[in-house]
Amino acid sequence: MLPVLLRNGRRAVSVIGGVRTGRGTDTVALAGVQPRRSIIDQSYSVHFMDFMGTSIPSSMKKLVVTKLSHNFREAVSVQNAAVPTPGDKELLVRNRFVGVNASDINYSAGRYDPSRKPPFDAGFEGIGEVVGLGLSASSRFTIGDTVAYFCNGAFAEYTVVPAKESVPVPAVKPEFLTLLVSGATAYIALKRLGDLAKGETVLVTAAAGGTGQFAVQFAKQAGCHVIGTCSSDEKAGFLKSLHCDRAINYTTEDLAKTLRKEYPDGIDVVYESVGGSVLEVAVNNLANKGRLIVIGFISGYQTQVGIPHFKGATLPVKLLQRSASMRGFFLPHFMSDYREALGNMMQMFVKGRLVCEVDCGDLAEGGRFVGLESVFRAVDYMYAGKNLGKVVVEVAPPSVATETLPQCEILYRRDLSQACRAAAFTSRHRKSKTHRSTSTRSHSGGSQNSSLHSKCELL
Ligand code: X1H
């Protein structure tokens, strides 16, 4: 008998070398909450599954792309599936929050890999608790660790994630989730392609969105003059709170006219994710030696071709006339920059120098995005341009194990630096009252975390 799999209320299934053997054991019930897991016999095991007194169910819900379509609701369906078993170098993560990206639609439309046929799992990023892991993965992680990850199949109650693609986080807070794709995109794109110099003018489109909010802050930190476009006065107010120098609400101001009038010398760097007519205006207002970074073109994703109309024939002339350049940025091509980016952003966040605005739909029709099914509403909400900050869905309530135990119990297995990060984080967030007020609030630089952050070595 393979002795190690402890799953309350279900027959344990074991895996050797990542392949299901079909050999099971009878359930070994945990007697009450155990403060530490006991590894019964490492030599026979390749992974460990338990969860400090809470149970891992036998089945779960996940979102599966069953038909390729740019209409997310048509493409994706909720399915019941067995909770997957992690292989040797993998973690089983109980997702608490998952991030919604504009490109979830590109993925469900089959644009990422046209050779890939459905069904396949949806969702790019999540944050949660490790509830199972393989033997090799146990050299760096253990049950109860809190991790964030950027990997396919996040729209599920549980996701198997390669350990090397998991990032330890001090607490399961959605703010950390904003950094994985949206924050990293802004950080790496501006660093590698922006070539920002102090005093330059930077235009960020969709600036109050998931990634735009970070581009605004990083460009300000580089000493640039930052212009941000948005669709409401509330968002313009948010941008002002990020020290954006000029927020342009394009529903009440003409973007082209405003740029021509207020920035006659042109824009040095554009961080562009809308496409179509917004991209045209940006190209037409580039300065000499201007750099336009194509992050995406959301205005076209919900169409059959996925690409918004763009008058491209004159583009080479316009670039030539100004010695300007236009470059695309796709995050997976820049993974060598990822670790440094994430480490620096986490440091900034802990020190109170980075706002990570999260929108869980508290103000959305139908209320907060809770439960996997609300991913559909969350995608609609984003495409209606209603979000302020990163759209995040709360997949599951906090686990009993991590939320009700005293802080010292929760932290017992973490090293000192991790513990101090968690304490710093908690103290900052207890002070915030509402969802919307959590960021516009404390980005003045420095923070109550300062006495702790010096002891904290992130990543
Ligand atoms: C291998 O390189 C890629 C790059 C982009 C593969 C797929 C895509 C893709 O589907 C994307 C994409 C991915 C990330 C992102 O932040 C923005 C975009 S836009 C986009 C796309 C949209 C419509 C198409 O017809 C083709 C690609």
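Read the numbers this way: they start at 1 and go in the same order the structure lists the ligands and their atoms. Quick note: residue numbers are just sequence positions, from 1.
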Exercise. What pairs with Y107 under ring-ring contact (aromatic ring centres under 6.0 Å, His included), at least two apart in sequence or on another chain?
Worked result: Y112, F120, F124
Exercise. Should the pair F218 and Y187 be assigned to parallel (<30°), tilted (30 to 60°) or perpendicular (>60°) ring geometry?
Worked result: perpendicular
Exercise. Under 4.0 Å between a Lys/Arg side-chain N and an Asp/Glu carboxylate O for D268 and R291?
Worked result: no
Exercise. Salt bridge between R192 and D337, side-chain N to carboxylate O under 4.0 Å?
Worked result: yes
Problem set entry | CD on E125 to OG1 on T159, rounded to 0.5 Å | 12.0 Å
N or O contacts of ligand 1 with protein under 3.5 Å, please list pair by pair.
from, atom 1, to, atom 2, distance (Å)
ligand 1, 16 (O), I295, O, 3.4
ligand 1, 25 (O), V305, O, 3.0

Exercise. Is R73 salt-bridged to D380, cutoff N-O under 4.0 Å?
Worked result: yes
